[in-house]
Amino acid sequence: MADIHQVNDLVSIERQGDIALVCIDNPPVNATGQQVREGLQQAIERLNAEGTAGVIAIHAAGRTFVAGADIREFGKPPQPPALPDVFNVIEDSEIPVIAVMHGTALGGGFELGLATHARVGIEGLRVGLPEINLGLLPGAGGTQRVPRLAGIPMALDMALSGRMVGAKEALEKGLIDRLETGDPREVALKAAQDVLNGTLATRRTCDLDTPKDDAALDDTAAMLKKKQAHLFSPHKIVEAVRASYLPRAEGLKVERQAFIDSMDTPQRAGMIHAFFGERAVSNIPEAKGDTRPLDRVGVIGGGTMGSGIATSCLLAGIPVTLVEVAQDGLDRGVATITKNIDGAVSRGKLPADKRDAVLGMLSPSLEMEALADVDLVIEAVFEQMDVKKEIFTKLDAICRDGAILASNTSYLDVNEIAACTARPQDVLGLHFFSPAHVMRLLEIVQGEKTAADVLATGFALAKKLKKVGVLAQVCDGFIGNRILAHYGKTASYLVLDGASPQQVDDALEGFGFAMGPHKVGDLAGLDIGWMTRKRKAATRDPDERYAGDVADRICENGWFGRKTGKGYYLYDSGAPVPNPEVAKIIDDVRSDKGISPRDFTDQEIVDRYMTAMISEAARVVGDGTAKRPVDVDMVFLFGYGFPRFRGGPLHYADTIGAGELVARIETYAKEDPHYWQVPPILKKMAQDGGKFADLN
Ligand code: CAA
């Protein structure tokens with residue numbers, strides 16, 4: 001009978017002679033919630049008080065060592081014992097303590113290892129300090145112990161990038177002492193014996209001094225001031241790592257204060273919303289249940305989108321049949337896919353020796369009949385309903401029974417497409433975002449007749465492709481493009497009324513967008529919006545203020561943005577410079593329309609832009625196009641470059657409050673009552689004191 005004693009439900013001690021194995025068993029990822037902290041502290045204190053063990057080895061059950069603090073506890077009143085105190089108890093233990101880590105030892109989990117007296121990694125281990133992705137910093141000694149073991153540059157790199165460090169690198173850098181293979185408990189037993197027989201050395205990390213490197217600290221602080229002034233925790237990370245020159249107690253005090261200050265910021269709340277939101281989008285009944293096979297995918301169209309989709313499937317190990325109508329189009333598609341795959345190799349996303357095998361899974365064809373046996377077809381041809389209908393009619397005749405037929409349309413009616421087949425239950429929309437092998441968003445569009453297992457297969461595909469699948473209902477533009485079509489007009493109205501395109505871009509970049517809307521337009525190609533405006537001209541709402549005057553005139557000059565070297569900006573010398581001829585166009589449009597320009601503050605620009613975005617996002621939730629506010633938020637984070645630290649448009653809306661948003665809309669409506677209308681859902685929230693978070 002093994003001598004196992006439960007300290008509490010989640011932590012146990014197993015005695016094997018002089019060895020004490022302490023096991024953490026808190027599925028799914030062994031997070032250090034209150035019970036784990038308490039159990040660990042009690043285990044170490046008890047073993048020290050008994051004094052009968054010669055060594056203590058901590059290991060964890062299940063798929064991974066400890067993945068960090070329990071994120072669900074953040075924002076709630078802290079429950080003792082605090083993690084840094086538990087780790088000090090471990091570090092101060094008279095009996096040597098070692099950690100045996102497998103899977104992913106992240107944040108507080110890695111910091112647990114750092115506080116022990118020797119670390120053994122199991123092959124495949126990855127360690128990291130990902131707290132920065134949650135708006136935080138390592139708060140349980142990571143900023144104090146990593147620099148002591150691996151130096152300041154490594155500590156800054158890990159804490160500021162949040163990247164996972166592989167076992168080999170961790171060993172080279174001195175973050176772990178040994179790399180083994182095998183079952184964590186068995187490895188723990190063996191390593192503990194080695195401590196007893198003197199072949200595995202132990203020492204307290206905080207007995208070491210951090211090697212001085214003021215230059216690394218100063219350079220990083222200066223770089224962050226320039227590049228990440230709007231973020232809170234990165235600057236605190238440098239401060240805390242600098243404090244690792246101090247004795248343990250003083251350094252940990254600086255780290256603790258920085259951690260508490262970060263915890264109090266809205267950035268932390270936004271990023272934690274993003275963490276759980278990414279997982280919540282597929283935590284719905286529609287994403288679960290039986291799925292259909294996904295062993296071979298067909299892609300129709302070798303343009304940018306089709307090639308990106310094919311690349312994404314190939315990188316996920318799914319063989320692809322690519323169909324184009326003409327040889328030159330097919331050749332272009334194959335060339336783009338090859339370029340994409342080579343790019344993945346050079347970015348380190350695909351091992352070079354796998355390149356040829358991945359490309360070998362691509363079968364190009366000029367015949368639709370080549371799709372007879374595929375499990376899923378994704379049509380990615382241009383946005384014209386009659387062309388799509390012709391393709392789906394053919395697919396219906398060619399594809400095997402049960403094959404799923406998907407359209408990558410970005411706004412067309414999926415029900416109308418489905419209706420031209422005899423199998424509307426097998427049809428859905430799979431809306432990828434360009435570049436499709438890079439962007440993580442996938443809108444999964446449910447048609448009226450889409451079968452449950454077809455929808456669930458859409459989510460299974462998203463998972464395979466490592467994308468964030470979000471359920472959307474049919475409407476013009478689905479979730480993202482419908483909202484974009486609405487708030488995009490605000491940027492144009494702001495320019496018509498007095499702001500410059502550069503001021504609008506700068507204000508929104510200051511808010512946190514990677515690029516302002518005019519720079520995005522230049523990048524995507526201004527001709528795309530121009531074509532859409534021309535196509536929709538006949539059906540334009542006569543009461544709506546036209547937003548396209550300036551952009552139309554820019555396009556009439558043949559200036560389509562980056563690809564022509566000229567758009568809102570000039571791109572001759574690399575960095576974009578405002579195009580002076582656009583300023584002239586704006587002046588002309590204003591005088592033609594009798595507009596007297598006025599000044600806008602950057603705050604006003606952000607307020608109007610965000611209020612427009614939130615308004616349409618609220619309508620999208622109100623009419624059920626998106627299931628919940630969190631779905632809209634994730635669409636924007638993963639498809640539209642919305643700043644992650646703001647959590648998404650509707651998370652951000654809650655930080656402003658429905659009352660204030662309604663008041664803003666009513667004020668703006670005095671100028672343009674057609675565009676600025678209070679969404680019913682927002683009005684109700686303002687009356688009841690509700691929040692979007694209540695609807696998640
Ligand atoms: N706390 C609470 N729950 C967590 C968690 C954590 N630290 N990490 C993961 N989970 C939950 C997820 O929400 C998910 O729950 P559901 O099944 O209910 O959706 C479940 O565990 C499984 O997670 P994943 O779906 O992400 O599983 P995966 O195998 O794809 O990835 C992982 C595993 C790499 C550990 C990933 O979950 C991850 O990156 N977790 C976060 C790690 C992290 O940020 N740690 C730092 C925490 S902050 C900290 O530690 C502060 C400090 O210094 C004291």
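Counting starts at 1 for both ligands and their atoms, in listed order.
Atoms of ligand 1 found under 4.0 Å from any heavy atom of Phe276, numbered from 1 in the order shown, are 13 (O). Residue contact check: Gly139 has heavy atoms under 4.0 Å from atoms 52 (C), 53 (O) of ligand 1. Each of the atoms 44 (O), 47 (C), 48 (S) of ligand 1 lies under 4.0 Å from some heavy atom of Leu134. In the vicinity of Asp70, heavy-atom distances shorter than 4.0 Å reach the ligand 1 atoms 1 (N), 2 (C). Distances below 4.0 Å separate heavy atoms of Phe74 from the following atoms of ligand 1: 48 (S). Taking every non-hydrogen atom of Glu131 and a distance limit under 4.0 Å, the qualifying atoms of ligand 1 come out as 48 (S), 49 (C), 50 (O), 51 (C), 52 (C), 53 (O). Proximity to Leu83 (heavy-atom distance under 4.0 Å) selects the following atoms of ligand 1: 54 (C). For ligand 1 and Thr104, the ligand atoms under 4.0 Å from any heavy atom of the residue are 35 (C).
Atoms CE and OG, on Met271 and Ser233 in that order, are 6.5 Å from each other to the nearest 0.5 Å.
Electrostatic pairing of Glu169 and Lys173 counts as a salt bridge here, judged by a charged N lying under 4.0 Å from a carboxylate O. Between Arg296 and Asp375, none of the side-chain N atoms (NZ, or NE/NH1/NH2) sits under 4.0 Å from a carboxylate O, so this pair counts as no salt bridge. A salt bridge links Arg72 and Asp70; the closest N-O separation between the charged side-chain nitrogens and carboxylate oxygens is under 4.0 Å. In summary, Glu73 and Arg37 engage in a salt bridge, as defined by a charged side-chain N under 4.0 Å from a carboxylate O. Contact check on Asp694 versus Arg628 returns no salt bridge, with no Lys/Arg side-chain nitrogen under 4.0 Å from an Asp/Glu carboxylate oxygen. Ionic pairing of Glu250 and Arg248 is not present here: no N-O contact between side-chain nitrogen and carboxylate oxygen is shorter than 4.0 angstrom. A salt bridge is defined here as a Lys NZ or Arg NE, NH1 or NH2 lying under 4.0 Å from an Asp or Glu carboxylate O, and Asp453 with Arg292 meets this definition. Taking 4.0 Å as the cut-off between side-chain N and carboxylate O, Arg185 and Glu14 count as a salt-bridged pair.
At a heavy-atom cutoff of 4.0 Å, ligand 1 is contacted by both the backbone and the side chain of Ala69. Of the heavy atoms in Phe65, none comes closer than 4.0 Å to ligand 1. Heavy atoms of Leu129 found under 4.0 angstrom from ligand 1: none, in either backbone or side chain.
Here's the thing with Pro130: none of its N/O atoms is less than 3.5 angstrom from an N/O atom of ligand 1. Ligand 1 has no nitrogen or oxygen under 3.5 angstrom from a nitrogen or oxygen of Ala31. Checked against a 3.5 angstrom limit, the closest N/O atoms of Glu111 and ligand 1 fall inside it. Annotation: Ala67 places an N or O atom under 3.5 Å from an N or O atom of ligand 1; distance criterion only.
There is no protein heavy atom less than 4.0 angstrom from atom 18 (O) of ligand 1. Contact annotation for atom 53 (O) of ligand 1: protein present (non-hydrogen atoms, distance under 4.0 Å). Counting only heavy atoms, the protein never gets under 4.0 Å from atom 15 (O) of ligand 1.
Side chain to side chain, Thr143 and Glu255 meet the donor-acceptor criterion of an N or O pair below 3.5 Å.
The nearest protein atom to atom 39 (O) of ligand 1, hydrogens excluded, is given as Leu106 CD1, 3.8 Å; this is a heavy-atom distance. Nearest protein neighbour of atom 20 (C) of ligand 1, counting heavy atoms only, is Pro28 CG, 3.6 Å. For atom 1 (N) of ligand 1, the nearest non-hydrogen atom of the protein is Ile71 N, 2.9 Å.
Ranked by closest heavy atom to atom 26 (O) of ligand 1, the top entry among Glu73, Arg279, Met263, Arg63 is Arg279. Considering Val29, Thr143, Leu112 only, the shortest heavy-atom separation from atom 5 (C) of ligand 1 involves Val29.
Between Phe645 and His230, the ring planes are tilted. Angles from 30° to 60° get that label.
For an aromatic pair to be called close, the ring centres must be under 6.0 Å apart, and Tyr640 with Phe513 fails this. The ring of His273 has its center no closer than 6.0 angstrom to the ring center of Phe275.
Nearest heavy-atom pair, Leu112 versus Val66, reported as atom, atom and distance to 0.1 Å: CD2-CG2, 4.1 Å.
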